[in-house]
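Taking it in order: structure first as structure tokens, then the write-up.
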Amino acid sequence: MTMVEPETGNPLKTAYQKSVAAYWNDNPNDDRVNTKLGEVDGLFHHHYGVGEPDLSVLEGPQETRQQRIVTELHRLETAQADGLLDQLGDVRPGDRLMDGGSGRGGTSFMANQRFGCQVDGVTISEYQVGFANEQAAERGVTDKVKFHFKNMLDTGFETGSRRGIWTNETTMYVDLFELFAEFSRLLEPGGRYVCITGCSNDVFGERSAAVSWIDAHYGCNIHPRSDYFKALAANNLVPVNVVDLTPATIPYWELREHSELATGVEKPFLKSYREGSFQYLMITADKVSR
Ligand code: GPP
Ligand code: MG
């Protein structure tokens with residue numbers, strides 16, 4: 001692993017944060033479900049997919065079946081990131097965006113391709129910083145897309161410097177009140193935040209066993225749906241669009257069960273989505289000044 005110097009102090013403050021960084025530096029689960037999909041076209045994602053799969057990939061020659069599934073899962077994951085970026089609205093080449101928990105960089109590169117603007121990705125995994133910056137070099141975009149060994153709870157970036165911020169399945173690792181305080185500080189007035197997340201459905205009641213299984217698999221702490229809206233409201237972030245993506249992501253998980261790269265987490269995802277204890281949500285919110 002390439003060692004990456006933190007830009008401002010040690011971004012890892014707590015034992016929990018150190019354990020999350022250790023997980024992503026040396027993924028204890030089988031990571032091929034991410035690397036093999038990334039190899040399809042060089043966009044490496046750490047999120048799930050949405051949309052109607054082409055189930056004809058399950059038919060046809062046996063020898064190429066698994067690769068057809070990989071290509072289709074990757075297409076759905078890229079569609080998910082496209083749907084997130086659609087929410088950012090009118091972003092100009094001179095604007096600055098931030099990717100909170102940028103992983104191997106997939107969504108950041110798509111944002112730069114689409115808007116032509118500067119994107120800063122932050123992650124507490126030094127491995128991910130190194131991987132994504134190498135990708136930026138290969139793509140010839142190091143002047144515009146940069147990945148930083150930083151904690152998204154305390155980035156050190158300039159106040160009001162961001163036209164848009166997103167988190168693509170990363171908020172289950174942090175306290176939402178702390179996170180949205182930092183995002184509110186970073187956003188310019190009228191700036192936009194987009195969040196795709198899995199949350200427990202507190203209308204349904206207490207956290208289900210399937211949701212706890214997902215937490216244990218990744219070492220995260222899935223928040224109840226209501227916490228998102230309380231924490232946004234507490235930080236001058238006003239929802240403008242909320243989409244329940246649960247029906248759109250279930251077919252992705254059904255297809256993933258057919259992949260030889262399946263990791264076992266498919267079962268609790270499908271169980272919790274089907275029983276209603278877990279939801280895949282996209283929340284878009286604007287920063288208002290008070
Ligand atoms: C997917 O990452 C996202 C997470 C691990 C965060 C948890 C998300 C929830 C919605 C609970 P990944 O692409 O590395 O996972 P996998 O290896 O399973 O594809
Ligand atoms: Mg994945």
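Whatever order the structure lists ligands and atoms in, that order sets their numbers, starting from 1. Because the structure is a prediction, the values reported are computed rather than measured. Here, residue 1 is the first one in the sequence, and each next residue gets the next number.
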Identify the residue among Thr155, Val174, Leu153 that makes a side-chain contact (heavy atoms from CB on, under 4.5 Å) with Glu182.
-> Thr155
Are Val240 and Phe180 connected in a single hydrophobic cluster, I mean Ile/Leu/Val/Met/Phe/Trp/Tyr linked by side-chain heavy atoms less than 4.5 Å apart?
-> no
Report for the Mg ion (ligand 2), protein N, O or S closer than 2.8 Å, by chain and number, lists Asn34 OD1
Say you draw a straight line from CD1 of Ile124 to CE of Met152; how long is it, rounded to the nearest 0.5 Å?
-> 8.0 Å
Using atom types as modelled and distance alone, determine if a side-chain donor or acceptor of Gln135 lies under 3.5 Å from a backbone N or O of Arg104.
-> no
Could I get the full list of salt bridge (charged side-chain N to carboxylate O under 4.0 Å, His left out) partners for Asp26, not counting sequence neighbours?
-> none
Would you kindly confirm whether Ile250 and Trp213 end up in one hydrophobic cluster when ILVMFWY residues are joined by side chain heavy atoms under 4.5 Å apart?
-> no
Sequence neighbours excluded, the answer for side chain to side chain contact (heavy atoms under 4.5 Å, CB included) partners of Pro239 is Phe229, Leu232, Val242
Thr171 pairs by side-chain contact (heavy atoms from CB on, under 4.5 Å) with which of Ile222, Ile196, Leu176?
-> Leu176
Parallel, tilted or perpendicular: ring planes of Phe269 versus Tyr48, cut at 30 and 60 degrees | perpendicular
Under a strict 4.0 Å criterion on non-hydrogen atoms, which protein residues are in contact with ligand 1?
-> Trp24, Val33, Asn34, His46, His47, Tyr48, Glu169, Met172, Tyr173, Gly198, Ile214, Tyr218, Ile222, Arg256
